[in-house]
J.: 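What follows is a structure written as C-alpha coordinates; I'll ask about it next.
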Amino acid sequence: MLRFVPRLVFAFSALFLAGWPAAGLADQIPAKRYFGAAKLPSEGRAAAVGFYSKGCLAGGEAITVDGPYWQAMRLSRNRIWGHPNLIHFIEWLGREAATKDGWPGLLLGDMSQPRGGPMVSGHASHQVGLDIDIWLQPMPQRRLSAKERETMSAIPVVEVGPHEVDPRRWTNAHARLIKRAASYPEVQRIFVAPGIKKKLCETATGDRSWLAKVRPYWGHNEHIHVRLVCPDGSPGCEPQRATGKDDGCGAPLAWWYSKEPYRQAKPSKKPAKKRETTLDDLPNACRQVLASGDKPGTITALAAYGDDVPADVAAKAVALRPDVGAPGAPSMPHTLPQARPAVIR
Ligand SMILES: [Zn+2]
(Lines give C-alpha, C1' and ligand atoms only; values in the text may rest on other atoms or scores of the structure.)
Protein backbone atom coordinates (compact mmCIF):
# COMPACT_ATOMS: atom_id res chain seq x y z
CA MET A 1 0.00 0.00 0.00
CA LEU A 2 2.78 2.37 0.95
CA ARG A 3 4.22 2.54 -2.52
CA PHE A 4 0.93 3.91 -3.83
CA VAL A 5 1.01 6.86 -1.48
CA PRO A 6 3.22 9.11 -3.63
CA ARG A 7 0.92 8.47 -6.58
CA LEU A 8 -2.11 9.30 -4.47
CA VAL A 9 -0.51 12.50 -3.26
CA PHE A 10 0.26 13.37 -6.86
CA ALA A 11 -3.33 12.70 -7.91
CA PHE A 12 -4.63 14.83 -5.10
CA SER A 13 -2.28 17.70 -5.86
CA ALA A 14 -3.25 17.54 -9.54
CA LEU A 15 -6.89 17.88 -8.52
CA PHE A 16 -5.97 20.73 -6.27
CA LEU A 17 -4.06 22.59 -8.92
CA ALA A 18 -7.01 22.20 -11.25
CA GLY A 19 -9.13 23.98 -8.71
CA TRP A 20 -10.88 20.92 -7.38
CA PRO A 21 -13.39 22.29 -4.95
CA ALA A 22 -12.97 19.69 -2.29
CA ALA A 23 -10.34 21.58 -0.40
CA GLY A 24 -8.83 19.35 2.19
CA LEU A 25 -7.52 16.75 -0.21
CA ALA A 26 -4.55 18.91 -1.05
CA ASP A 27 -4.04 19.99 2.49
CA GLN A 28 -1.54 17.19 2.96
CA ILE A 29 1.02 19.11 0.96
CA PRO A 30 3.36 20.92 3.33
CA ALA A 31 3.01 24.68 3.01
CA LYS A 32 6.80 24.97 2.89
CA ARG A 33 6.72 23.45 -0.58
CA TYR A 34 4.56 26.23 -1.94
CA PHE A 35 6.53 28.96 -0.25
CA GLY A 36 9.88 27.35 -1.03
CA ALA A 37 8.96 27.23 -4.72
CA ALA A 38 8.16 30.94 -4.98
CA LYS A 39 11.16 32.72 -6.47
CA LEU A 40 9.83 36.25 -6.26
CA PRO A 41 7.54 38.24 -3.96
CA SER A 42 3.83 38.80 -4.55
CA GLU A 43 2.50 41.96 -6.13
CA GLY A 44 0.93 44.73 -4.16
CA ARG A 45 1.34 46.48 -0.86
CA ALA A 46 3.74 45.03 1.68
CA ALA A 47 2.19 43.37 4.71
CA ALA A 48 3.20 40.89 7.36
CA VAL A 49 0.48 38.25 7.64
CA GLY A 50 -0.01 36.04 10.70
CA PHE A 51 2.51 35.17 13.39
CA TYR A 52 6.29 35.01 13.11
CA SER A 53 6.19 31.22 13.06
CA LYS A 54 2.87 30.82 11.23
CA GLY A 55 2.37 33.32 8.47
CA CYS A 56 3.60 34.80 5.24
CA LEU A 57 4.77 38.02 3.62
CA ALA A 58 2.85 40.02 1.01
CA GLY A 59 4.65 42.43 -1.31
CA GLY A 60 8.09 41.61 0.08
CA GLU A 61 11.14 43.73 -0.63
CA ALA A 62 14.73 42.58 -1.01
CA ILE A 63 17.69 43.98 0.84
CA THR A 64 20.42 45.01 -1.59
CA VAL A 65 22.89 42.12 -1.51
CA ASP A 66 25.81 44.58 -1.19
CA GLY A 67 25.14 47.70 0.82
CA PRO A 68 27.53 50.31 2.12
CA TYR A 69 27.49 48.66 5.54
CA TRP A 70 26.35 45.12 4.91
CA GLN A 71 26.66 42.04 2.68
CA ALA A 72 24.05 39.33 2.35
CA MET A 73 25.23 35.75 2.81
CA ARG A 74 23.97 32.38 1.43
CA LEU A 75 22.55 33.91 -1.72
CA SER A 76 21.46 30.52 -3.09
CA ARG A 77 18.79 30.41 -0.39
CA ASN A 78 17.15 33.58 -1.70
CA ARG A 79 16.10 34.60 1.77
CA ILE A 80 16.90 38.28 1.45
CA TRP A 81 13.25 39.34 1.63
CA GLY A 82 11.35 41.26 4.21
CA HIS A 83 8.79 43.88 5.06
CA PRO A 84 10.09 47.38 4.19
CA ASN A 85 10.49 48.05 7.92
CA LEU A 86 13.05 45.25 8.07
CA ILE A 87 14.90 46.65 5.06
CA HIS A 88 15.04 50.09 6.67
CA PHE A 89 16.12 48.58 9.97
CA ILE A 90 19.11 46.85 8.35
CA GLU A 91 20.10 50.01 6.53
CA TRP A 92 19.96 52.07 9.73
CA LEU A 93 21.62 49.52 11.96
CA GLY A 94 24.41 48.94 9.45
CA ARG A 95 25.09 52.64 9.14
CA GLU A 96 24.89 53.47 12.85
CA ALA A 97 26.90 50.43 13.93
CA ALA A 98 29.63 51.30 11.45
CA THR A 99 29.79 55.02 12.12
CA LYS A 100 29.14 55.04 15.89
CA ASP A 101 29.91 51.62 17.34
CA GLY A 102 33.06 50.52 15.55
CA TRP A 103 31.31 47.57 13.89
CA PRO A 104 32.51 47.62 10.28
CA GLY A 105 29.43 46.16 8.69
CA LEU A 106 26.79 43.47 8.94
CA LEU A 107 26.94 39.99 7.48
CA LEU A 108 23.31 39.14 6.87
CA GLY A 109 22.02 35.63 7.38
CA ASP A 110 18.51 34.53 6.58
CA MET A 111 15.61 36.93 6.42
CA SER A 112 12.46 35.53 4.78
CA GLN A 113 11.64 33.76 1.55
CA PRO A 114 10.18 35.99 -1.20
CA ARG A 115 6.65 35.31 0.04
CA GLY A 116 7.66 34.39 3.56
CA GLY A 117 5.98 31.29 4.91
CA PRO A 118 7.45 28.08 6.31
CA MET A 119 10.89 27.11 5.04
CA VAL A 120 12.15 23.88 3.62
CA SER A 121 15.17 24.04 5.92
CA GLY A 122 16.05 25.84 9.10
CA HIS A 123 13.89 28.21 11.04
CA ALA A 124 10.51 27.83 12.65
CA SER A 125 10.02 31.59 12.43
CA HIS A 126 11.24 34.07 9.77
CA GLN A 127 7.84 33.63 8.09
CA VAL A 128 6.41 37.16 7.97
CA GLY A 129 9.35 39.29 6.82
CA LEU A 130 10.19 40.71 10.24
CA ASP A 131 13.04 38.41 11.38
CA ILE A 132 16.71 38.48 10.44
CA ASP A 133 19.83 36.63 11.53
CA ILE A 134 22.93 38.80 11.76
CA TRP A 135 26.32 37.13 12.04
CA LEU A 136 28.44 37.95 15.07
CA GLN A 137 31.40 38.39 12.82
CA PRO A 138 32.44 41.77 11.46
CA MET A 139 32.10 42.27 7.74
CA PRO A 140 35.41 42.06 5.85
CA GLN A 141 36.38 45.22 4.04
CA ARG A 142 36.12 43.64 0.62
CA ARG A 143 33.31 42.26 -1.45
CA LEU A 144 32.83 38.56 -0.74
CA SER A 145 32.46 36.27 -3.73
CA ALA A 146 29.25 34.34 -4.28
CA LYS A 147 31.18 31.19 -3.40
CA GLU A 148 32.49 32.62 -0.13
CA ARG A 149 28.98 33.62 0.83
CA GLU A 150 27.96 29.98 0.50
CA THR A 151 30.90 28.34 2.21
CA MET A 152 32.13 30.73 4.92
CA SER A 153 30.89 29.82 8.38
CA ALA A 154 30.20 32.27 11.14
CA ILE A 155 32.69 31.82 13.99
CA PRO A 156 31.07 31.22 17.38
CA VAL A 157 31.78 33.84 20.02
CA VAL A 158 30.60 31.55 22.81
CA GLU A 159 32.69 28.65 24.10
CA VAL A 160 30.73 25.44 24.14
CA GLY A 161 32.28 24.10 27.35
CA PRO A 162 31.72 26.86 29.90
CA HIS A 163 29.01 28.56 27.84
CA GLU A 164 30.68 31.88 28.33
CA VAL A 165 31.72 34.28 25.61
CA ASP A 166 35.14 33.49 24.23
CA PRO A 167 37.43 36.35 25.34
CA ARG A 168 39.53 35.90 22.20
CA ARG A 169 36.50 36.62 20.03
CA TRP A 170 34.12 38.75 22.04
CA THR A 171 34.68 42.51 21.82
CA ASN A 172 33.00 45.60 23.18
CA ALA A 173 31.90 46.28 19.63
CA HIS A 174 29.77 43.11 19.78
CA ALA A 175 28.07 44.49 22.87
CA ARG A 176 27.56 47.89 21.27
CA LEU A 177 26.04 46.31 18.17
CA ILE A 178 23.49 44.35 20.20
CA LYS A 179 22.69 47.33 22.41
CA ARG A 180 22.23 49.49 19.34
CA ALA A 181 19.84 46.99 17.75
CA ALA A 182 17.85 46.56 20.96
CA SER A 183 17.49 50.32 21.38
CA TYR A 184 15.33 50.76 18.29
CA PRO A 185 11.65 50.92 19.18
CA GLU A 186 10.72 48.78 16.17
CA VAL A 187 12.76 45.88 17.54
CA GLN A 188 10.53 43.43 19.40
CA ARG A 189 13.24 41.13 20.74
CA ILE A 190 16.69 39.75 19.96
CA PHE A 191 17.66 36.12 20.50
CA VAL A 192 21.24 35.50 21.64
CA ALA A 193 23.16 32.63 23.26
CA PRO A 194 22.79 32.57 27.07
CA GLY A 195 26.54 33.26 27.38
CA ILE A 196 26.09 36.49 25.44
CA LYS A 197 23.16 37.55 27.60
CA LYS A 198 25.27 36.81 30.67
CA LYS A 199 28.14 38.91 29.40
CA LEU A 200 25.83 41.80 28.54
CA CYS A 201 24.22 41.62 31.99
CA GLU A 202 27.65 41.75 33.61
CA THR A 203 28.98 44.62 31.57
CA ALA A 204 26.05 46.92 30.77
CA THR A 205 26.33 50.30 32.39
CA GLY A 206 23.84 53.15 32.65
CA ASP A 207 20.42 52.51 31.15
CA ARG A 208 19.72 48.78 31.23
CA SER A 209 16.19 48.82 29.87
CA TRP A 210 17.34 47.60 26.44
CA LEU A 211 18.47 44.32 28.05
CA ALA A 212 14.83 43.24 28.41
CA LYS A 213 14.64 42.69 24.66
CA VAL A 214 17.77 40.52 24.58
CA ARG A 215 16.58 36.97 25.17
CA PRO A 216 18.70 33.86 25.68
CA TYR A 217 17.91 31.04 23.34
CA TRP A 218 19.41 27.89 21.93
CA GLY A 219 21.51 27.98 18.80
CA HIS A 220 22.71 31.59 18.79
CA ASN A 221 26.43 31.21 19.46
CA GLU A 222 27.49 32.81 16.20
CA HIS A 223 24.59 35.00 15.20
CA ILE A 224 21.85 37.11 16.70
CA HIS A 225 18.26 36.92 15.58
CA VAL A 226 16.46 40.26 15.49
CA ARG A 227 12.68 40.40 15.37
CA LEU A 228 10.70 43.54 14.61
CA VAL A 229 7.27 44.48 15.94
CA CYS A 230 4.20 44.23 13.75
CA PRO A 231 4.27 47.16 11.31
CA ASP A 232 1.54 49.76 10.86
CA GLY A 233 -0.62 48.79 7.92
CA SER A 234 -0.39 45.06 8.58
CA PRO A 235 -3.71 44.36 10.32
CA GLY A 236 -3.20 40.63 9.83
CA CYS A 237 0.10 40.64 11.71
CA GLU A 238 -0.20 38.89 15.04
CA PRO A 239 1.93 40.56 17.70
CA GLN A 240 4.13 38.77 20.20
CA ARG A 241 3.85 39.66 23.86
CA ALA A 242 6.14 42.56 24.78
CA THR A 243 9.27 41.62 26.68
CA GLY A 244 8.41 43.91 29.61
CA LYS A 245 10.66 45.86 31.93
CA ASP A 246 12.67 43.13 33.69
CA ASP A 247 16.21 43.14 32.32
CA GLY A 248 16.18 39.33 32.48
CA CYS A 249 19.54 39.20 34.26
CA GLY A 250 18.20 37.50 37.38
CA ALA A 251 16.18 34.32 37.56
CA PRO A 252 15.47 34.02 33.81
CA LEU A 253 19.21 33.94 33.09
CA ALA A 254 20.03 31.75 36.09
CA TRP A 255 17.66 29.12 34.69
CA TRP A 256 20.07 28.52 31.83
CA TYR A 257 22.88 27.79 34.26
CA SER A 258 20.85 25.93 36.83
CA LYS A 259 21.64 22.49 35.53
CA GLU A 260 24.91 20.76 34.83
CA PRO A 261 25.60 20.16 32.12
CA TYR A 262 24.14 23.28 30.67
CA ARG A 263 20.86 22.72 28.88
CA GLN A 264 22.50 22.45 25.54
CA ALA A 265 19.87 20.38 23.85
CA LYS A 266 16.59 22.03 23.08
CA PRO A 267 13.88 19.93 24.66
CA SER A 268 11.20 18.87 22.24
CA LYS A 269 7.78 19.37 23.71
CA LYS A 270 6.03 17.71 20.84
CA PRO A 271 6.39 14.19 19.50
CA ALA A 272 9.20 13.85 17.00
CA LYS A 273 6.86 13.14 14.10
CA LYS A 274 4.96 16.37 14.20
CA ARG A 275 2.46 17.05 11.44
CA GLU A 276 3.72 19.37 8.73
CA THR A 277 2.24 22.86 8.51
CA THR A 278 -0.19 23.04 5.59
CA LEU A 279 -1.91 25.98 3.93
CA ASP A 280 -4.93 25.35 6.13
CA ASP A 281 -2.80 26.11 9.19
CA LEU A 282 -1.85 29.54 7.87
CA PRO A 283 -4.03 32.65 7.59
CA ASN A 284 -6.30 32.52 4.54
CA ALA A 285 -4.61 35.61 3.15
CA CYS A 286 -1.49 33.50 2.61
CA ARG A 287 -3.30 31.65 -0.20
CA GLN A 288 -3.75 34.97 -1.96
CA VAL A 289 -0.09 35.76 -1.41
CA LEU A 290 0.83 32.50 -3.17
CA ALA A 291 -1.65 32.99 -5.99
CA SER A 292 -0.50 36.53 -6.77
CA GLY A 293 1.75 37.34 -9.70
CA ASP A 294 5.39 38.27 -9.20
CA LYS A 295 6.13 41.77 -8.00
CA PRO A 296 7.42 43.68 -11.02
CA GLY A 297 11.06 44.63 -11.08
CA THR A 298 12.19 42.05 -8.55
CA ILE A 299 14.97 39.53 -9.05
CA THR A 300 16.38 36.70 -6.97
CA ALA A 301 19.35 37.15 -4.65
CA LEU A 302 21.74 35.40 -7.02
CA ALA A 303 20.58 37.43 -9.99
CA ALA A 304 21.06 40.56 -7.89
CA TYR A 305 24.62 39.54 -7.09
CA GLY A 306 25.69 39.67 -10.71
CA ASP A 307 27.24 37.42 -13.28
CA ASP A 308 30.22 35.82 -11.53
CA VAL A 309 28.21 33.12 -9.82
CA PRO A 310 29.83 29.65 -9.99
CA ALA A 311 27.71 26.93 -11.54
CA ASP A 312 27.59 24.87 -8.35
CA VAL A 313 26.16 27.79 -6.39
CA ALA A 314 23.55 28.41 -9.08
CA ALA A 315 22.68 24.71 -9.11
CA LYS A 316 22.24 24.79 -5.35
CA ALA A 317 19.72 27.59 -5.69
CA VAL A 318 17.66 25.46 -8.09
CA ALA A 319 17.94 22.36 -5.91
CA LEU A 320 16.66 24.29 -2.91
CA ARG A 321 13.38 25.07 -4.64
CA PRO A 322 11.11 22.10 -4.16
CA ASP A 323 8.47 20.96 -6.56
CA VAL A 324 5.16 21.67 -5.01
CA GLY A 325 3.52 18.30 -5.40
CA ALA A 326 4.84 14.83 -6.04
CA PRO A 327 7.49 14.01 -8.68
CA GLY A 328 6.48 15.37 -12.05
CA ALA A 329 4.16 18.00 -10.65
CA PRO A 330 4.45 21.55 -11.93
CA SER A 331 6.75 23.62 -9.78
CA MET A 332 4.27 26.34 -8.95
CA PRO A 333 0.54 26.75 -9.53
CA HIS A 334 -0.47 29.85 -11.43
CA THR A 335 -3.70 30.05 -9.58
CA LEU A 336 -4.88 28.67 -6.31
CA PRO A 337 -8.46 28.18 -5.25
CA GLN A 338 -10.08 31.16 -3.67
CA ALA A 339 -9.68 31.27 0.05
CA ARG A 340 -12.24 29.09 1.71
CA PRO A 341 -14.60 30.76 4.12
CA ALA A 342 -13.44 30.43 7.68
CA VAL A 343 -14.75 27.32 9.33
CA ILE A 344 -17.05 28.16 12.18
CA ARG A 345 -16.28 25.96 15.16
ZN1 LIG B 1 16.83 33.38 13.16
Side-chain angles (χ1 to χ4, degrees), residues 31-32 35-36 48-57 60-63 65 70-83 85-90 93-94 97 103 106-137 139 149-150 152-158 174 177-178 180-182 184 186-197 200 213-231 237-241 243 248 256 264-268 277 301 320:
K32 65 186 179 186
F35 286 98
V49 182
F51 193 62
Y52 302 92
S53 55
K54 197 165 272 189
C56 60
L57 169 66
E61 282 188 15
I63 186 75
V65 299
W70 67 86
Q71 296 187 47
M73 305 297 284
R74 304 289 191 266
L75 299 174
S76 68
R77 296 183 185 172
N78 196 27
R79 294 176 183 169
I80 60 167
W81 305 88
H83 185 277
N85 285 16
L86 186 63
I87 308 300
H88 296 154
F89 163 77
I90 297 163
L93 179 66
W103 187 265
L106 311 174
L107 292 180
L108 309 180
D110 285 353
M111 296 164 62
S112 288
Q113 299 176 128
R115 301 187 187 200
M119 294 187 187
V120 179
S121 62
H123 324 275
S125 63
H126 290 250
Q127 295 192 18
V128 296
L130 297 173
D131 294 277
I132 178 171
D133 291 342
I134 299 173
W135 289 24
L136 284 170
Q137 193 171 327
M139 185 182 86
R149 294 178 202 225
E150 292 300 310
M152 262 176 71
S153 297
I155 300 165
V157 296
V158 176
H174 285 88
L177 171 71
I178 296 172
R180 171 78 56 194
Y184 294 141
E186 66 265 38
V187 169
Q188 208 279 338
R189 64 185 59 207
I190 301 176
F191 297 108
V192 301
I196 294 173
K197 173 77 183 194
L200 294 173
K213 289 186 191 172
V214 181
R215 314 282 285 200
Y217 206 68
W218 290 274
H220 292 80
N221 288 351
E222 74 297 297
H223 74 276
I224 60 172
H225 172 149
V226 182
R227 171 169 295 172
L228 303 192
V229 297
C230 279
C237 182
E238 196 183 316
Q240 186 163 14
R241 193 145 58 90
T243 51
W256 291 88
Q264 177 75 1
K266 186 177 174 180
S268 68
T277 298
L320 282 171

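Starting from 1, each residue takes its place in the sequence as its number. Counting starts at 1 for both ligands and their atoms, in listed order.
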J.: So, for W70 and W135, is the gap between ring centers shorter than 6.0 Å?
T.: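 No; W135 has its ring centre 6.0 Å or more from that of W70.
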J.: What residues, two or more places apart in sequence or in another chain, satisfy salt bridge (charged side-chain N to carboxylate O under 4.0 Å, His left out) together with E61?
T.: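 With neighbours one apart ignored, the set is empty.
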J.: Would you check if M139 and L107 make a side-chain contact, meaning some heavy-atom pair closer than 4.5 Å?
T.: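 Answer yes - side chains close enough.
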J.: Sum up the protein N, O or S atoms located under 2.8 Å from the Zn ion (ligand 1).
T.: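 There are 3 of them.
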J.: Indicate every side-chain donor-acceptor pair of residues 119-127 with a distance under 3.5 Å to a residue at least two apart or in another chain.
T.:
| from | atom 1 | to | atom 2 | distance (Å) |
| --- | --- | --- | --- | --- |
| S121 | OG | R79 | NH2 | 3.1 |
| H123 | ND1 | H126 | NE2 | 3.4 |
| H123 | NE2 | D110 | OD2 | 2.7 |
| S125 | OG | R227 | NH2 | 3.1 |
| H126 | ND1 | D110 | O | 3.4 |
| H126 | ND1 | M111 | O | 2.9 |
| H126 | NE2 | D133 | OD1 | 3.3 |
| H126 | NE2 | H225 | ND1 | 3.4 |
| Q127 | OE1 | K54 | N | 3.4 |
| Q127 | OE1 | G55 | N | 2.9 |
| Q127 | NE2 | S53 | O | 3.1 |
| Q127 | NE2 | A124 | O | 2.9 |

J.: Who pairs with F51 by ring-ring contact (aromatic ring centres under 6.0 Å, His included), at least two apart in sequence or on another chain?
T.: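 F51 satisfies ring-ring contact (aromatic ring centres under 6.0 Å, His included) with no residue once adjacent residues are dropped.
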J.: Do the non-hydrogen side-chain atoms of T243 and V214 ever get within less than 4.5 Å of each other?
T.: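 They are not in contact (no side-chain heavy atoms under 4.5 Å apart), so the answer is no.
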